[in-house]
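Worksheet: the structure to be examined is printed underneath.
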Amino acid sequence: MTFVVARSLIAGDAVISTNRAIEPELAARIETRLRDAGATAVRSVELGTMARAAQSEKTRMVELRAVEPGFPYYGALKLQGQPYDHALLRGFGVLVRPELLAQLDVAVGNTLVIGTGRFTIRGVIESEPGRRLGAFSLGPRVFIDIEDLRKAGLLTFGARASYQQLLRVPDAELDALVLALRRDFAETFVRVRSYKSTEDDIGEDFARAENYMSLVGLVIVILGGIGVSSVTRVFVQQKMRSIAILKCVGARSGQLLAVYMAQVTALGLVGSAVGVLLAGAAISAIPAVLAARPTPNVQVEYGLTSTAVAQGLGIGLLVSVLFSLVPLLDVRHVKPSLLLREESPPRRLDLLGILVTGAVVLGLLGLTVWQAGSLRVGLVVAAGFVGATAVLHLAGTALIRAMAPLAHARWFPLRHAVLQLSRPGSQARIVILAVGLGSFFIVGVRSLQETLVRELTVDIAADSPDMFLLDVQSDQV
């Protein structure tokens, strides 16, 4: 859906723009490139000029856009009370913004003088594609036919016009066409960009939102990884006698670690596959949900890409393996003598444990940096996650200690509930950690979502200003 919005913001798959008329040689090269790529184009010209009401002589500066039939490829030019059709512009017709009607005291059917042409107002613009509404504007927007632009004498020497060609390109050819056109125009004043471009603020917003969603998915998977770690530790504690028996018959610690890692890998792969299937089912339901709100001139295909599936399976499997490695190391400390007497595995740090823990931390850090798309952002997210984990762990420890005196309470359920919190193998701290991180994550996601949406809607909001007034004093000129 992000691609649909991005295409609507430039009204095409790509746009060629220049502030000079394209020379015949370059125009021929563009035609060849478009023909080879199976692409089509519509022309558009933008410039600032003056518009005068024929009956009142009132004058205002306007932003004029002249377009060809077929505009726009994506999005819709919406008018008040009628559908848009290019026939409204033919024969010196003009579409205007409602504020121009008030400024010039005119109405639909009246005449505007633009250049040497007399244009009849045939509609009022409600919204338009191909323009960032929050961008700097010299005046109200008006639309005319591109042939009438030439007849009105507005492209004479010295006119500050922006010439554009909006392209519609098959997805498979888009990137190659844009690169080829950029090479062709490397030494000229022609600029080529596609809807995927991040050169402007909108592209940066989309890239930021994509990285944000990647980090959201990563945090969700890490929360699941905490659960995997807790379950693996309990599993090893429950299998102490089985491990001791296997060691009595000759099994080595490395073999047992390999067996349990194979189980974890299989379960992680199955869990990731189920998640991918659920994602596919949710995405397949999107067209049905949006069927009641179709987008004119836009055809969208929803589905899972092979790279997204591979990324989901890979991250799910990797997090499962990383979070289960450290708990499984306890297998090495189980001795065959456990069958003869009760004993707890030693709680000591050894070189292998330190190395594995360091590798796990580096693996999670690398995963975070990759998903964030930035080393600095990844390090900040990882540091914040570690800090939140430390605070929640200390809070869990403090809570259990604060509740310890209740172990002597007379009420049986309360007394045994408190004792269960501090019993060997209790998962109380892990539960507090997981729930606390989940709550922290929900609050963080909500606040960050509002920030991203606010930044994006500044650029494309329907109530964005139509004009900026600059107060330049005489002594500032």
Side-chain angles (χ1 to χ4, degrees), residues 221-274 315-364 367 389-390 392-394 396-397 399-401 403-404 407 415-435 437:
V221 174
I222 288 179
L223 288 175
I226 294 174
V228 170
S229 176
S230 176
V231 170
T232 304
R233 190 175 299 279
V234 173
F235 174 79
V236 171
Q237 291 174 352
Q238 292 176 342
K239 295 295 182 180
M240 289 290 190
R241 289 189 173 277
S242 299
I243 294 170
I245 292 173
L246 290 172
K247 287 191 173 182
C248 284
V249 298
R252 296 187 299 275
S253 295
Q255 293 175 322
L256 295 175
L257 280 172
V259 169
Y260 289 132
M261 281 304 303
Q263 293 182 13
V264 169
T265 301
L267 291 174
L269 187 60
V270 170
S272 301
V274 171
I315 291 177
L317 182 59
L318 182 60
V319 170
S320 299
V321 171
L322 289 176
F323 274 91
S324 60
L325 269 176
V326 176
L328 284 177
L329 290 179
D330 289 344
V331 169
R332 299 174 301 131
H333 303 306
V334 178
K335 299 179 180 179
S337 59
L338 179 65
L339 297 174
L340 302 177
R341 61 180 181 271
E342 291 291 338
E343 57 184 22
S344 300
R347 295 289 183 180
R348 67 175 184 271
L349 292 176
D350 56 4
L351 180 60
L352 180 60
I354 294 173
L355 292 177
V356 170
T357 301
V360 169
V361 171
L362 290 176
L364 292 174
L367 195 59
T389 301
L392 288 167
H393 180 74
L394 293 175
T397 301
L399 178 62
I400 292 174
R401 290 184 178 179
M403 297 183 67
R415 183 169 68 252
H416 280 265
V418 173
L419 289 173
Q420 286 294 316
L421 292 177
S422 55
R423 66 175 174 80
S426 171
Q427 301 299 303
R429 292 181 179 84
I430 297 295
V431 171
I432 292 174
L433 174 63
V435 173
L437 284 176

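Surrounding CZ of Arg415 are more than 12 heavy atoms belonging to other residues, nucleotides or ligands, all under 6.0 Å away.
Residues meeting the side chain to side chain donor-acceptor pair (under 3.5 Å) test with Ser253, sequence neighbours left out: Lys247. Qualifying side chain to side chain donor-acceptor pair (under 3.5 Å) partners for Arg241, counting only residues two or more places apart in sequence or in other chains: Glu342. Partners of His393 by ring pair (Phe, Tyr, Trp, His ring centres under 6.0 Å), not counting sequence neighbours: none found.
Looking only at distances, a side-chain donor or acceptor of Ser272 sits under 3.5 Å from a matching main-chain atom of Gly268. Looking at Ser230, its side chain never comes within 3.5 Å of a backbone N or O of Gly227 through a donor-acceptor pair.
Here the OG1 atom belonging to Thr357 is positioned 7.0 Å from the CG atom belonging to Leu329, to the nearest 0.5 angstrom. Note that CG of Asp330 is 16.0 Å distant from NZ of Lys239, once rounded to the nearest 0.5 Å. Distance check, rounded to the nearest 0.5 Å: CD of Gln263 to OG1 of Thr232 gives 10.0 Å. From Leu399, atom CG reaches atom CG of Leu392 across 11.5 Å, with rounding to the nearest 0.5 Å. Going from atom CD1 of Ile243 over to atom SG of Cys248 covers 12.0 Å, rounded to the nearest 0.5 Å.
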Begin from the C-alpha positions of Leu433 and Thr389 and carry the test side-chain contact (heavy atoms from CB on, under 4.5 Å) through to its verdict.
CA-CA 7 Å; Leu433 174 63; Thr389 301; 3.6 Å; yes
Tell me, with the steps shown, if Leu257 and Arg332 meet side-chain contact (heavy atoms from CB on, under 4.5 Å).
CA-CA 8 Å; Leu257 280 172; Arg332 299 174 301 131; 4.1 Å; yes
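Taking the side chain as every heavy atom from C-beta outward, Ile226 and Phe323 approach each other to under 4.5 Å. In this structure, Tyr260 and Gln255 have side chains that are not in contact, with every pair of non-hydrogen atoms separated by 4.5 Å or more. Counting only heavy atoms from C-beta outward, the side chains of Val228 and Val319 never approach each other to under 4.5 Å. Using a 4.5 Å heavy-atom threshold, the side chains of Leu325 and Met261 count as touching.
Partner of Ser324 under the side-chain contact (heavy atoms from CB on, under 4.5 Å) criterion, chosen from Val264, Val360, Thr265: Val264.
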